[in-house]
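Structure first, commentary second.
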Amino acid sequence: MRIYFLSERTAALKLNGAYLGLIDSFERFVDVESGGKILAEVVPDGDALPLSFFIDDALFSSPPDFLDVYICGGDAVIYVSRFERRTREFKVVAQTSFRGGLYTLFLTDGRVYLNCERGADCSLHELPRSLENSSLTESNIGGYPVLLVGGAGYLSIFSDDGRQVFFNPAESWQCGGKLTVTVNFNTCAGCRAICTFGYDGKVMTLEASRTEERVPPDESVLHFAFFECVLTRGDFTKYLCDDLKKSAAALPEFLGEFVDVSVPYKRFFDVHGDIKAVGLVYPQSKNLFTVKYFAVDIEDGKITNVYEAE
C-alpha cells in the first residue's frame, strides 16, 4: 500500500521511530505492507503539540478527529487537519443577549465555540477557526429573529431557541424576507453560487440556486471543469455533445453524492495511461472518505462519454 501524507502545517514525520522528513501541503508518500501496525508521529513547527496514531486497519475505518483519511483504491491519503496549540488560552470574542438567551463566542486551545445558555439549558457549538474574530449580530429572516455569526468565508445562523439552523461557506449574505448567500468555489472555472433560502422559524430550506462560471476553462482542464460544474449544480450540459445531452439528467445519479474533485496520483496513470480522468471524493463516515475515478472522452471540445475508470 502506498500512503500519501499531507499536513495543514509543516511537521516532521516519524514512522516506528524513523525520521522520514517533513510533510506539508505538498504530498509525500511511503510504501508500507498492508495488514501491519505502524506508529506514526507528527511533530509540527511553532506553537503546536505533536500528534501520534497507529496506521492499521482501524485507522481506515474510524480515523481520529485530527485526521482526514481518503481511501483511493489500494492506496490511501492521510491529511493531518488539526493541531492543538501548545500554549493554553481562553479568550471571549463576543457576547450578547438574544431572545432570553446568553450567547458567548470564545476561543480556547485553538478552537472556536459558541455557547448558548437559556435558563437551565446549555448548548455548545464548535465553529471554524476562521470565525474567531466574528461578531454576534441579531437579524430576521422571513419575519423570524435569528442570530448571525459570520465572517472569513463562513456563516452560522441560530434560531431564537438556540438551535443552529444554518451553517455553510459564504462570501456574502443578505437577510430579509429570504436569506441570500453567495458562495465562491475553488474551481478551475471560478464557480460562484447564489443561493436563496426560506425560513419558517424552525428549518432553513433551499428554494433556489444559480451557479455562474466566471473563468472560461482551458481545454486541458475541460474534464475538471465538467465534474466541478456537476458538483456545484451548474449547467454542466454545455460541456456535453448533443448525443450525451439526451441522458444528461441521469448523470448526477450515475456519479453519486461526491463532495470534491481531485487530481489522480501518478500510479493511476501508470495503470490507465494518459486519459482524461479525475478523482471524485465520497464521504463514508466522520473524517473518512473514498475516492473513485471517472474519465471522459472528448471530441471537438465536447465530452462524448463519461465512465468509471476501475
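None of the values given here were measured: they were computed from a predicted structure.
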When you look at [atom1] of [X], are more than 12 heavy atoms from neighbouring residues, nucleotides or ligands closer to it than 6.0 Å?
{"X": "Phe26", "atom1": "CZ", "answer": "no"}
{"X": "Glu126", "atom1": "CD", "answer": "yes"}
{"X": "Asn186", "atom1": "CG", "answer": "no"}
{"X": "Arg2", "atom1": "CZ", "answer": "yes"}

So, for [X] and [Y], which heavy atoms are closest and what is the spacing to 0.1 Å?
{"X": "Pro217", "Y": "Ala189", "result": "CD-CB, 4.4 Å"}
{"X": "Ala248", "Y": "Phe236", "result": "O-CZ, 3.5 Å"}
{"X": "Leu59", "Y": "Phe54", "result": "CB-O, 3.6 Å"}

His125: which of Phe167, Phe158, Tyr113 passes ring pair (Phe, Tyr, Trp, His ring centres under 6.0 Å):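 Passing option: Phe158.
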Check this for me, if you would: do [X] and [Y] make a salt bridge, where the nitrogen-to-carboxylate-oxygen distance has to be below 4.0 angstrom?
{"X": "Arg192", "Y": "Glu171", "answer": "no"}
{"X": "Asp242", "Y": "Lys246", "answer": "no"}
{"X": "Asp161", "Y": "Lys202", "answer": "no"}

Let me know which of Leu179, Ile157, Val165, Val203 forms a side-chain contact (heavy atoms from CB on, under 4.5 Å) with Phe197.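 So, applying the side-chain contact (heavy atoms from CB on, under 4.5 Å) to Phe197 and each of Leu179, Ile157, Val165, Val203, only Leu179 qualifies.
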Grouping I, L, V, M, F, W and Y whenever their side-chain heavy atoms are under 4.5 Å apart, do Val230 and Phe224 come out in a common cluster?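 Yes, Val230 and Phe224 fall within the same hydrophobic cluster.
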Examine Lys292 relative to Tyr282 and say whether NZ or CZ is less than 6.0 Å from the centre of the six-membered ring and inside a 45° cone about the ring axis.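 Checked: cation-pi criterion met.
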Could you label the plane-to-plane angle of the Tyr70 and Phe289 rings as parallel, tilted or perpendicular, counting under 30° as parallel and over 60° as perpendicular?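 Ring orientation, 0 to 90° scale: parallel.
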Side chains of Gln95 and Thr104 only: does a donor on one sit below 3.5 Å from an acceptor on the other?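 Checked: Gln95/Thr104 side chains pair up, N/O donor to acceptor below 3.5 Å.
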In Å and rounded to the nearest 0.5 Å, what is the [atom1] to [atom2] distance from [X] to [Y]?
{"X": "Thr211", "Y": "Arg233", "atom1": "OG1", "atom2": "CZ", "value": "8.5 Å"}
{"X": "Arg163", "Y": "Ser123", "atom1": "CZ", "atom2": "OG", "value": "10.5 Å"}
{"X": "Thr232", "Y": "Asn184", "atom1": "OG1", "atom2": "CG", "value": "11.5 Å"}
{"X": "Leu148", "Y": "Glu138", "atom1": "CG", "atom2": "CD", "value": "9.5 Å"}

Side-chain donor or acceptor of Glu8 paired with backbone N/O of Phe83 under 3.5 Å: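 The answer is yes, because a donor-acceptor pair under 3.5 Å joins these two groups.
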Determine whether the aromatic ring centres of residues Phe254 and Phe294 are separated by less than 6.0 angstrom. yes
